[in-house]
Amino acid sequence: MSSLHKTKIAEFQSILSEPLINLSVLRKLCFNGIPFEGGIRCLCWKILLNYLPTDRTLWDSVLAKQRDTYSHFLKEMIIQPGIAKVKFGISREDVTLEDHPLNPNPDSRWNTYFKDNEVLLQIDKDVRRLCPDFSFFIKATDYPCLLIMDPENEYETLRKRVEQTTLKSQTVARNRSGLTNVSSPLKTSTSYPLNEYEPLPSGCEAHWEVVERILFIYAKLNPGIAYVQGMNEIVGPVYYTFATNPNSAWKEHAEADTFFCFTNLMAEIRDNFIKSLDDSQCGITSKMEKVYATLKEDDEELYLKLQEQNIKPQFFAFRWLTLLFSQEFVLPDVIRIWDSLFADEERFDFLLNVSCAMLILIRDQLLAGDFTVNMRLLQDYPLSDGDVLPILKKAKELRDSKPNL
């Protein structure tokens, strides 16, 4: 470890040990990259995502309350319905004239169960393919959820729900607009069969199963948006960061902490996932247009070239902005970008700066390329020397060049 890095760690430790953390100073430090050592990044993200207050004396009570709340969510939304399903499945007590599996009443318990299954199937399919070139998510967590894995608790787990669902013969795909499409399993399921991964020993669960649980609970608590494909790409890096915390006391609670940080982050970006808001001022279309508006200010020649080739920002910026670049770069690079993104007070204005920086840094290739070449460049971004730091440096230059309004 270099002396420069040791100094950086000491700076973070100093500010994080203050009884009342100076958020402005912390943001400036975090913007230039947060050290992994000692769980510093995990702690900083929790503060930057408004999970932990700047008053250190409140941390223990906040964490205890939130983690207890998450345990209640597990019991209420997964364990208790699972126990009821097992019991009702045996005794058939809930198949009554008033409520039965074919009951069309939207308030029917069975109707809710089947709708939840549709959402769960999409979540399950997406989390199994999370970071496919990265083995972390298929490995067993060091801290399986004791409430879920309790052998005394006979109930239908999310894994069993997926395997035993009455929709086995179809793959239900919840698309970007939140509508439900039913497609042939031969077209969509063969790449990610349910038995793709070898089963883990009894009492173990894979990291992707933890992520699945987080997303399912989020969908249950937020029925207005539920789950939309791509949310898995947002929660994945947050969970990975917390689940690899070198501080085991924090690592043990990675699931609950991830849930609340993800929920807070989604509160800021959820409009990007709601199709009915696409053309509104707060929708994703407006944000994509701002990418080109910003590019026109910073590099008009490149802007005109892309316009001339009819390369619309929707062709590439939709994924960049909606998923916060999580599909453009490998996970360690995504995490480094998110250090700066979370630290910036105007974090989603900075998102536009990063997008423009990415375009400007490959301007020579774009100016020389035709439509086909340029589309390939933009949809599979060429990272020079495998380093995102030049992108962040350029984005900061673009941000700082703008007058403060």
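What's counted below: heavy atoms across the whole structure, side chains too, no hydrogens, waters or symmetry copies.
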Nearest non-hydrogen partners of Q229 and F273, listed with the distance: O-CE2, 4.1 Å
Before we go on, tell me: are the rings of F350 and F31 under 6.0 Å apart, centre to centre? yes
Validation row: F329, Y381 side chains within 4.5 angstrom (heavy atoms): yes
By the salt bridge (charged side-chain N to carboxylate O under 4.0 Å, His left out) test, which pairs, at least two apart or in different chains, include something from residues 217-229? D116-K220
Between F259 and Y70, how do the two ring planes meet: parallel, tilted or perpendicular, split at 30° and 60°? tilted
Closest non-hydrogen atom pair, Q122 against Y227: CG-CE2, 3.6 Å
Would you call T244 and F36 a side-chain contact if the rule is heavy atoms closer than 4.5 Å? yes
Search all heavy atoms of E233 against all heavy atoms of W338 and return the closest pair with its distance. O-CH2, 4.1 Å
For R213 and C145, work out which heavy atoms get closest and say how close. NH2-CB, 3.4 Å
Work out which heavy atom in S401 is nearest to a heavy atom in L398; give both atom names and the distance. OG-O, 2.8 Å
Scan Y51, Y218, W45 and name whichever one has a ring pair (Phe, Tyr, Trp, His ring centres under 6.0 Å) with F262. Y218
Is any side-chain heavy atom of D349 less than 4.5 Å from a side-chain heavy atom of R399? no
Looking at side-chain heavy atoms only, is the closest gap between F348 and K287 below 4.5 Å? no
